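Fair warning: this is a prediction, and the values are worked out from it, not measured in the lab. Every chain is numbered from 1 and lettered A, B, ... according to where its sequence line falls, protein lines coming before strand lines.
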Amino acid sequence: MVATIPYRLKSCRNICCFWRQLVEEQQYPFQSIEEKWHAIWQQKKPARVTEDSDKPKYYCLVMFPYPSGSNLHMGHVRNYTIGDVIVRYKKMQGFNVLSPMGWDAFGLPAENAAIKNNIHPNEYTRTNIGVMTKQLLALDILYDWNRELATCDEEYYRWTQWIFLKFYERGLAYKKKHPVNWCETCHTVLANEQVIEGACWRCKELVVKKELDQWYLKITDYAERLLQDLDKLKQWPERVKTMQANWIGRSEGIEFKLKIDNTDQELSVFTTRIDTVFGITYMSIAPEHPLLKELLAGKPEAAKVKAFAEKVKMLSEIERASTEKPKEGIDTGLRLVNPVNGEKVPLYAADYVLMEYGTGAIMAVPAHDQRDFEFAKNHNLPIKVVIQPEGQILAANRMTEAYVEDGVQVNSGQFDGMKNREAMQKIAAWMEQEGIGKKVINYRLRDWLISRQRYWGCPIPMIYCDDCGILPVPEKELPVTLPLDIPYQPSGMLESARDFAETTCPKCGKKARRETDTMDTFIDSSWYYLRYASPRDQEHAFNPEAVKYWMPVDQYIGGIEHAILHLLYSRFFTKVLHDQGLLEFDEPFKALFTQGMVLKDGQVMSKSKGNTVSADYMVENYGIDTTRGFILFAAPPERELEWSDQGVEGIFRFLRRVWLLYERWIPLLTNTPNKIPDGLPEKDREIRRKLHQTIQRITVDLENDFKFNTAIAAMMELMNDLNTVKEPSPEEAAGRMSVMKEVCLNFAKLCAPFFPHLAEELWQQMGHTGTIFAAGWPKCDAAGAAEEKVTIVIQVNGKVRSRLETTPDMDKQKVEAKALADDRVRNLAEGRKPKKVIVIPNKLVNIVF
RNA sequence: GCGGAAGUGGCGAAAUUGGCAGACGCGCUAGAUUCAGGAUCUAGUGGGGGCAACCUCUUGGGGGUUCAAAUCCCCCCUUCCGCACCA
């Protein structure tokens with residue numbers, strides 16, 4: 001018995017009130033309404049769609065979740081609710097709406113749980129998918145569950161492998177030995193994008209460098225297009241585009257070589273400040289630069305430099321990258337020749353030079369680069385000024401910091417006296433002409449390291465044969481199945497699974513080994529949006545016709561945390577598949593919306609902080625519609641949402657008032673005709689005006705940036721007005737009833753995307769047999785919405801002093817005359833003539849004395 | 001350090017071709033109902049002043065443009081986010 005009573009009533013002190021309140025509560029029987037429609041939708045499956053060339057399509061996608069052991073949290077609910085409002089709205093507008101759901105199901109947490117609880121990652125994942133599916137179903141969000149997919153399904157990952165092979169064929173997947181980011185806790189390597197402030201993005205453990213032979217995807221080949229095409233993404237947040245642009249980090253400069261004295265070797269450097277090239281006083285090279293080892297072989301400096309390189313290697317990324325740390329370095333004893341002026345300068349191995357960027361060596365101009373300046377001061381290296389600020393003389397020995405601004409060239413040979421911006425172009429051209437240097441574009445973006453030394457992931461479909469080398473698994477042999485029935489161990493599971501690891505060479509038939517690393521899970525999620533178009537296709541990764549119909553995604557919704565990772569990778573995949581001729585478009589997501597986080601007590605909701613509100617609790621005690629309403633109303637969707645129990649109560653009250661409003665009016669409207677009679681009295685015209693203005697406002701709010709909060713506020717205003725509408729006297733009845741009927745029909749439709757259960761129930765109670773979602777989105781009747789009177793504010797010297805009621809669009813002279821005739825204005829005028837009168841039609845008059 | 005976004009009542013927030021600041025909700029106050037608490041309903045609710053009509057101040061701070069500024073410009077402060085020796 002007690003179990004069926006909503007929890008929110010249990011705070012009641014005694015059983016008497018208990019009952020009374022229960023009765024009152026049932027004035028809005030949300031539980032039975034929601035249960036009823038839940039059952040009907042479960043059976044009718046209104047989200048099921050197929051390609052239909054007669055209807056415009058709309059693909060609304062929410063970022064699919066990782067099936068973690070903890071329940072669905074409010075962040076998920078917010079994400080999916082936003083998507084659902086859009087889906088239902090677009091449906092009502094007549095679009096053929098695709099709204100799929102699936103599981104980003106490979107990944108490390110499954111293995112970590114296995115370590116902890118001794119459950120097989122597969123079992124763990126499947127169980128979680130079951131639990132979360134149940135929770136999602138309980139939310140009655142419109143998903144076409146026929147299209148459900150999980151990236152750990154063989155039927156999915158065989159195509160992930162197939163796509164990998166396409167990359168390999170195009171030369172976009174390759175293996176190289178290279179120092180990589182290694183996370184000891186996760187026992188695997190990480191891509192650059194997955195290292196945040198020197199630490200693993202998942203477990204926050206500091207990463208270390210390890211030299212390993214790994215698989216990479218050549219995303220750098222697409223750097224320019226990934227950057228350029230950001231311009232195509234008109235409906236993406238600027239913030240995300242900026243982050244991607246910064247990550248790609250394009251910079252234009254000059255690469256040139258310096259001869260190494262007494263050898264026939266040269267050292268390449270890259271600079272964006274070629275205007276300062278005459279100011280080189282020394283050169284710096286990354287201590288681990290391979291050329292260094294070669295050049296120093298047999299020299300006395302070799303040991304010292306090697307020791308320094310070792311020391312630098314021991315530093316963590318953070319320490320090495322810290323700008324606080326004094327810059328250290330060591331003279332290699334080598335001398336280089338500056339090709340522009342023939343000066344000989346020393347070469348230092350320095351810890352502030354990164355092997356990863358540019359050529360791993362730099363020209364050092366202490367006068368005009370802060371880092372070089374600091375290093376030069378520490379090592380007593382000369383400083384040579386080659387750019388003077390206009391109207392000022394810089395003295396090298398008195399400088400306290402580098403001068404990095406623009407100025408005029410000095411000590412720069414034939415370029416002296418030029419403005420440095422101009423000199424930059426001229427020096428570059430001259431160096432190209434002389435064959436000393438060339439223009440080069442550098443990117444910060446690195447190739448994507450995709451090997452993972454983990455079990456629960458998509459196997460990389462490659463084979464190693466002692467005789468034939470590295471070979472791809474033939475397409476017809478896909479999928480390379482991840483073996484499930486093998487002993488569980490913390491690392492090296494696939495390596496020690498002999499049935500898996502041992503195979504035969506597809507070329508020569510001899511014994512060979514399989515690749516036993518799996519792919520980064522971000523690969524799985526880089527193409528899932530394509531699979532949704534034809535999730536059961538046995539012949540293709542994605543059916544060309546289906547993809548042509550559904551793609552690109554019209555609206556993608558998710559968290560900002562994927563601004564670079566997932567979104568950049570997906571764009572890359574789409575471009576490669578486009579180049580492969582498999583897709584006609586080259587950007588996957590037309591519009592992106594990033595929702596804000598859900599907070600409680602100013603902090604992110606999390607289990608460890610113990611400040612979570614579960615979806616189950618909300619659904620049980622307040623209902624889905626109230627939960628949706630709160631999430632949508634409490635803050636604009638892109639902003640953070642602070643959870644408030646009282647705010648939830650507020651929405652609950654609103655929905656109950658809506659319900660009671662219909663309870664009152666529906667019985668009165670049964671025989672009312674739909675046609676609005678002519679010559680309505682003022683009050684009825686007013687009701688209609690409010691209705692049509694509300695339709696207009698909500699439509700605009702939904703079209704522009706999903707302003708759900710103000711849309712709901714508009715509904716509340718309408719409802720507040722309607723609550724003051726009285727039952728009509730007999731002579732008023734015909735007009736009032738038909739107006740109220742129009743109001744009730746349209747208000748229910750306005751509610752539908754936000755409060756689907758309530759709306760559907762009201763719709764049915766008004767005598768409809770079909771669903772409200774097929775009833776069309778209401779249209780604003782411009783004539784009905786038009787104001788009959790306007791209040792014009794009268795300002796005197798910019799301050800509101802009076803008001804004027806007029807008919808709309810009255811001409812300016814008339815308004816001015818009326819304003820000047822106003823009693824208060826005449827008082828304030830004190831007989832003076834106005835200096836100026838500004839009239840803004842339908843808004844305001846400002847009289848300046 | 002560089003780049004970006006933001007700062008409005010007690011709180012969440014509205015208002016942008018510059019035109020009534022604070023819509024809507026929460027909270028609070030008073031009244032109705034009730035033995036009482038809760039719930040519900042009605043009214044009020046930015047600050048200061050005034051019996052009142054009304055006056056006055058107010059959108060992080062300071063300046064400016066304008067008949068008119070939350071909105072545009074300049075300087076400063078704070079918060080959040082991203083990048084951070086990228087040559």
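Considering only the side chain of A/Lys799, B/rC57 comes nearest among B/rC57, B/rG27, B/rC20.
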Under 3.5 Å, N/O pairs linking protein and nucleotides 2-10 of chain B:
none

Protein-nucleotides 67-70 of chain B N/O pairs under 3.5 Å:
unit_1 : atom_1 : unit_2   : atom_2 : d
B/rC67 : OP1    : A/Lys836 : NZ     : 3.2
B/rC67 : O2'    : A/Asn846 : ND2    : 3.2
B/rC67 : O2     : A/Asn846 : ND2    : 2.6

Using atom names, set out every protein N or O paired with an N or O of nucleotides 44-53 of chain B below 3.5 Å, distance rounded to 0.1 Å.
none

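In terms of the side chain to side chain contact (heavy atoms under 4.5 Å, CB included) criterion, residue partners of A/Lys707 (sequence neighbours excluded) are, by chain and number, A/Asp701, A/Asn709, A/Thr710.
Using a 4.0 Å cut-off between charged nitrogen and carboxylate oxygen, A/Arg697 and A/Glu717 count as a salt-bridge pair. Under the 4.0 Å criterion applied to side-chain N and carboxylate O atoms, A/Arg421 and A/Asp406 are assigned as salt-bridge partners.
Applying the 4.0 Å criterion to OP1 and OP2 of B/rC55, one finds that A/Arg801 has a side-chain N or O inside that range. Side-chain nitrogen and oxygen atoms of A/Lys707 include at least one within less than 4.0 Å of the OP1 or OP2 phosphate oxygen of B/rA15.
Residues A/Phe256 and A/Ile274 approach most closely at CE2-CD1, 3.8 Å, considering heavy atoms.
For residues 716-727 of chain A, proximity to RNA chain B is found at A/Met716, A/Glu717, A/Asn720, defined as any non-hydrogen atom under 4.0 angstrom from a strand atom.
Atom CG in A/Asn442 sits about 9 Å away from atom C1' in B/rA87, given to the nearest Å.
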Pairing string of RNA chain B (Watson-Crick or G-U wobble, both atom distances under 3.5 Å; | = paired to other strand) is (((((((..(((......[....)))((((((.......))))))((((....))))..(((((..]....))))))))))))....
